[in-house]
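Comments concern the structure below.
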Amino acid sequence: MAADRTNLTGAASSAGEGGKDIAVIGSSNMDLITYITRMPGEGETVEAPDFAMGFGGKGANQAVSASRLGSRVLMLTRVGNDLFAESTIENYRRNGIDTTHVLPTEAASGVAPIFVDEESRNSILIVKGANALLSPQDVRRAEDQIAACRLIVLQLEIPLETVYEAVALGKRHSIPVLLNPAPAQPDLELEKVRDCQYIVPNESELSLLTGMPVDSLDDVRNAAAVLLEVGIANVIVTLGSRGALWMTRTEDRLIPGVAVEARDTTGAGDAFIGCFSHFLVSTGDTATSLEMANRYSADSVTKRGTQSSYATKEEFEEILRG
Ligand code: RIB
């Protein structure tokens, strides 16, 4: 779409010397993943077949997937003062992410106990820890570096005021903002995120944001239309294995998903956003970026873990060839 290209190219030309492609402002967690046959009932102890620990957090996952695909990524996040903090920072570095604004904090690091069942479905608890302390002031302090990026990517595992500040910063500097409203937050004020270029909810997040049903594709369309009415330019609803619905005031396109045998769907939504962001800044083409994101996230669910399931650029090129 020409309109998309113009937007991103315009932002790119204003990027400063040494500017990055994508600024991710969001969470860092340590994922504690237990593979279960069933959840214990009250007072019951049940043996689980396997456990794995890995780097996670929706912000971190999106940053890592975009960076593995070749984008230059700046991360603004808070980590704690415990044994998880150092390895989290090291993980960002290993993945080629700029850690200037990864801020050690007098708090516990964010953690996410995750349960994955034999049908590959997951249930996630999050303990926000240091993520809850990422403040609007932190965003303002990083303004110059964020303003030199071509796309700002946000999720909702940090305080809403911080999200609103980042949206305002994007507007001030004419940088497109992509908001992934996950996990769903009933308190999110749509008016304060209306300047986002992209909002990317899944079906249940869309339903919570709009108070509307999402039982059929037509329901999803009607609910997405509410977000367009608010002023958001592009609404992309992720539909799991069915793909993604992209709506603007003039477009209505279903980009079909890719059928795979799922082993672990944890972090697939983040893989989608990271990949979409990467291709959006490199091609400026929303439809192509969505096709790539469908393929990348489908590949991620065939492997266990969160970031451990994200392909590198070379691996993804191989997948596209194959
Ligand atoms: O989207 C998956 C992520 O949600 C996990 O990595 C976990 O940390 C939670 O933030």
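Both counts, for ligands and for their atoms, begin at 1 and track the order of listing.
Atoms of ligand 1 lying under 4.0 Å from any heavy atom of G56, numbered from 1 in the order shown and given with element: 6 (O), 8 (O). For ligand 1, the atoms closer than 4.0 angstrom to any heavy atom of G57 are 5 (C), 6 (O), 7 (C), 8 (O), 10 (O). Contact atoms of ligand 1 toward T306: 6 (O) (distance under 4.0 Å to a heavy atom of the residue).
Salt-bridge annotation for R38 and E44: present, with a side-chain N of the basic residue lying under 4.0 Å from a carboxylate O of the acidic one. R242 has a carboxylate O that lies under 4.0 Å from a charged side-chain N of E203, or vice versa, which qualifies the two as a salt bridge. A salt bridge is absent between R72 and D98: the closest approach of a Lys/Arg side-chain nitrogen to an acidic carboxylate oxygen does not fall below 4.0 angstrom.
A donor and an acceptor atom, one from each side chain of D138 and S135, are located under 3.5 Å apart. Defined by atom type and a distance below 3.5 Å, a donor-acceptor pair is missing between the side-chain atoms of S120 and D264.
Looking at Y164 and L188, their side chains come closer than 4.5 Å, going by heavy atoms from C-beta outward.
Given atom 8 (O) of ligand 1, the protein heavy atom at minimum distance is D31 OD1, 2.5 Å. Nearest protein heavy-atom neighbour of atom 2 (C) of ligand 1: D270 OD2, 3.3 Å. In terms of protein heavy-atom proximity, atom 10 (O) of ligand 1 is nearest to E157 OE2, 2.6 Å.
Not a single N or O atom of T266, backbone or side chain, sits closer than 3.5 Å to an N or O atom of ligand 1. Geometrically, ligand 1 and A112 share no nitrogen or oxygen pair separated by less than 3.5 Å. At least one N or O atom of N61 sits closer than 3.5 Å to an N or O atom of ligand 1.
Considering only non-hydrogen atoms, atom 4 (O) of ligand 1 lies nearest to K58 out of Q155, K58, K128, M30.
Not a single heavy atom of G269 lies less than 4.0 angstrom from ligand 1.
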Residues R140, E165; criterion salt bridge (Lys or Arg N to Asp or Glu O under 4.0 Å); working and verdict
CA-CA 8 Å; R140 286 195 291 275; E165 183 70 32; 3.2 Å; yes
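R295 forms no cation-pi arrangement with F316, by the criterion of a distance under 6.0 Å to the ring centre and an angle within 45° of the ring axis.
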